[in-house]
2 protein chains.
Amino acid sequence: MPTPPDGPPNYLPTVAVGRLSLYLRELQRLAEAGVTSANSQALARLIDVSPAIVRKDLAAIAAVGRRGVGYDIAALIDRIGAMLGTQTHWNVILVGVGSLGTALLRYRGFQRQGFRIVGAFDLDPRLVGTSIGGTLIHPIADIGRIAKTLQPHLAVLAVPVEAAASVAADLVAAGISGILNFAPTSLKLPRSVGVVNVDLASEMQRLAFAVSRLPTTTALLPESVPEFVPTPESAPTTAAKAGRKKTAPPA
Amino acid sequence: MPTPPDGPPNYLPTVAVGRLSLYLRELQRLAEAGVTSANSQALARLIDVSPAIVRKDLAAIAAVGRRGVGYDIAALIDRIGAMLGTQTHWNVILVGVGSLGTALLRYRGFQRQGFRIVGAFDLDPRLVGTSIGGTLIHPIADIGRIAKTLQPHLAVLAVPVEAAASVAADLVAAGISGILNFAPTSLKLPRSVGVVNVDLASEMQRLAFAVSRLPTTTALLPESVPEFVPTPESAPTTAAKAGRKKTAPPA
DNA sequence: TAATGTGAAACCGTTCACAGCT
DNA sequence: AGCTGTGAACGGTTTCACATTA
């Protein structure tokens with residue numbers, strides 16, 4: 001065979017990590033329903049991507065299927081779980097027991113995916129000492145000390161924006177490795193600390209934008225809509241024609 | 001000047017929409033602090049991207065800066081707001097007043113970005129008729145009828161997974177154009193309906209993965225870590241060396 | 001002079017198409 | 001016969017570098 005010039009091979013694309021998590025979620029559901037095998041097309045439909053992507057993603061994590069058949073679901077769950085560290089015991093603390101923090105403490109999805117909420121922290125002395133969703137709330141001032149006992153790896157940051165930077169610094173000082181940040185601000189942290197931001201208002205804006213660019217149907221749209229929205233069709237240069245894309249590419 | 005052959009020009013890349021939302025958030029903060037102008041480098045630092053990206057993004061929405069100076073913040077806020085439909089009145093309903101739904105009703109960030117929560121829906125008769133965060137809760141069975149009055153464009157879906165598919169169908173029937181989906185499942189809906197998924201467990205898994213792939217420092221990591229994790233360095237092909245990237249490219 | 005605005009190159013991720021297995 | 005596994009083409013996004021301009 002001809003040697004590939006120097007070409008980098010199948011790494012795991014960073015976006016693929018998000019998809020693996022979705023495959024896992026759906027595979028767990030299938031397994032509970034007693035299904036034992038699925039092919040790339042079925043998986044693709046479940047998370048709304050192309051079958052080729054499914055095969056590439058699974059190849060990238062060295063999951064193997066059987067040609068002519070598909071993938072063994074139990075094996076896939078193991079493999080993806082191994083990649084995402086599902087059997088790893090991540091200890092998680094939550095900081096900021098406001099209404100969002102409370103909801104997150106009550107949310108069972110984290111535990112279901114193997115994360116252990118080992119403690120919560122808040123300023124409010126009326127909350128300290130109480131439990132929500134089985135998690136004890138500690139005074140935020142004691143994070144450093146209590147972290148020595150709880151050994152948290154990750155933190156959920158659900159404090160008000162104004163407090164976010166300072167609390168994040170405390171978390172880093174307490175030795176946390178990663179922060180799931182719900183405060184609408186970009187934390188400035190050492191590169192050794194992982195951050196994933198979840199900005200709810202921003203997600204809503206993405207939705208609004210997507211909707212306003214959608215093929216107009218009978219559905220409700222608000223009165224005014226942004227004027228200048230550049231698209232392939234409204235190109236301000238030569239050749240403004242350019243073959244229109246097929247409207248419905250994926251199966 | 002030489003005519004560009006036929007080259008497709010600056011569209012707005014889809015990922016740029018998410019960034020615009022973040023620029024807007026930070027610009028609003030700067031404006032409140034009395035800052036009137038900012039250059040691409042400053043903006044880049046604020047949302048943690050490269051200055052070149054900032055200039056490309058802003059060029060793509062026809063925002064103009066002054067060479068040698070930077071961008072006028074008030075003008076930028078207007079321009080980005082116009083693109084994202086900030087002055088458009090999006091009516092939003094929320095379905096599923098559990099702990100997450102409650103938190104979302106109390107969350108002020110949606111209103112701050114111009115979204116109007118016009119109503120909430122739940123099955124529980126004890127909730128119906130009460131208000132949370134100033135939003136009245138209606139019986140879920142009446143969505144169709146009440147939607148005629150409320151004229152909602154978007155919906156926040158915060159019901160349990162089992163109910164998600166059926167409620168989503170009701171929302172579509174009621175004429176909704178987009179759904180912000182917090183249920184951990186991929187909704188199968190007509191292409192005319194926009195969907196943005198927010199899967200909290202999945203975000204946490206992304207964080208865990210990112211952390212486990214981080215340059216190991218003194219910070220806490222859980223005992224076991226996935227074995228086979230392909231990266232550029234662990235490439236199974238020729239030329240496994242390949243010039244290492246400079247470790248800190250952005251300013 | 002210090003920044004924008006922008007072609008062109010580099011990079012990354014997806015799609016295509018088909019050879020290879022079972 | 002059917003589906004996986006994968007090179008190669010493609011397309012979208014980012015980076016680079018620099019001409020341009022207030």
Does [N] have OP1 or OP2 sitting under 4.0 Å from an N or O in the side chain of [X]?
| X | N | value |
| --- | --- | --- |
| Arg19(A) | dT14(C) | yes |
| Ser50(A) | dT15(C) | yes |
| Ser40(A) | dC3(D) | no |
| Thr14(B) | dG12(D) | no |

Looking at [options], which one has an atom nearest to any side-chain atom of [X]?
| X | options | result |
| --- | --- | --- |
| Pro13(B) | dG5(D), dT13(D), dT14(C) | dT13(D) |
| Ala59(B) | dT6(C), dG13(C), dT13(D) | dT6(C) |
| Asn39(A) | dC3(D), dT15(D), dT14(C) | dC3(D) |
| Val15(B) | dG5(D), dT6(C), dT13(D) | dT13(D) |

Using the salt bridge (charged side-chain N to carboxylate O under 4.0 Å, His left out) rule, collect all pairs that involve residues 25-34 of chain A, keeping only residues at least two apart or in two chains.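 Of all non-adjacent pairs touching residues 25-34 of chain A, those that pass salt bridge (charged side-chain N to carboxylate O under 4.0 Å, His left out) are Arg25(A)-Asp199(B), Glu26(A)-Arg29(A).
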Considering only residues two or more places apart or on different chains, which pairs with a residue in residues 152-167 of chain B satisfy salt bridge (charged side-chain N to carboxylate O under 4.0 Å, His left out)?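 Sorted pair list comes back empty.
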Polar atom pairs between nucleotides 20-22 of chain D and protein, under 3.5 Å, N or O only, would you list them?
| unit_1 | atom_1 | unit_2 | atom_2 | d |
| --- | --- | --- | --- | --- |
| dT20(D) | O2 | Arg67(B) | NH1 | 2.5 |

Which residues share a side-chain contact (heavy atoms from CB on, under 4.5 Å) with [X], sequence neighbours left out:
| X | result |
| --- | --- |
| Val69(A) | Ser37(A), Arg66(A) |
| Arg19(B) | Val15(B), Ala16(B), Tyr23(B), Ile47(B), Val49(B), Ile53(B), Asp57(B) |
| Val198(B) | Val198(A), Glu203(A), Leu180(B), Phe182(B), Leu200(B) |
| Ala75(A) | Asp72(A) |

Could you list the residues that satisfy side chain to side chain donor-acceptor pair (under 3.5 Å) with Asn197(A), not counting sequence neighbours?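 Asn197(A): side chain to side chain donor-acceptor pair (under 3.5 Å) contacts with Asn181(A).
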Measure distances between side-chain N and O atoms of Lys56(B) and base N and O atoms of dT15(D), and say whether any donor-acceptor pair falls under 3.5 Å.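 Present.
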What stems show up for DNA chain C when you take Watson-Crick pairs (N1-N3 plus N6-O4 or O6-N4) and G-U wobbles (N1-O2, O6-N3), both under 3.5 Å, and require three or more consecutive pairs?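 Detected stem regions: C:1-22 with D:1-22.
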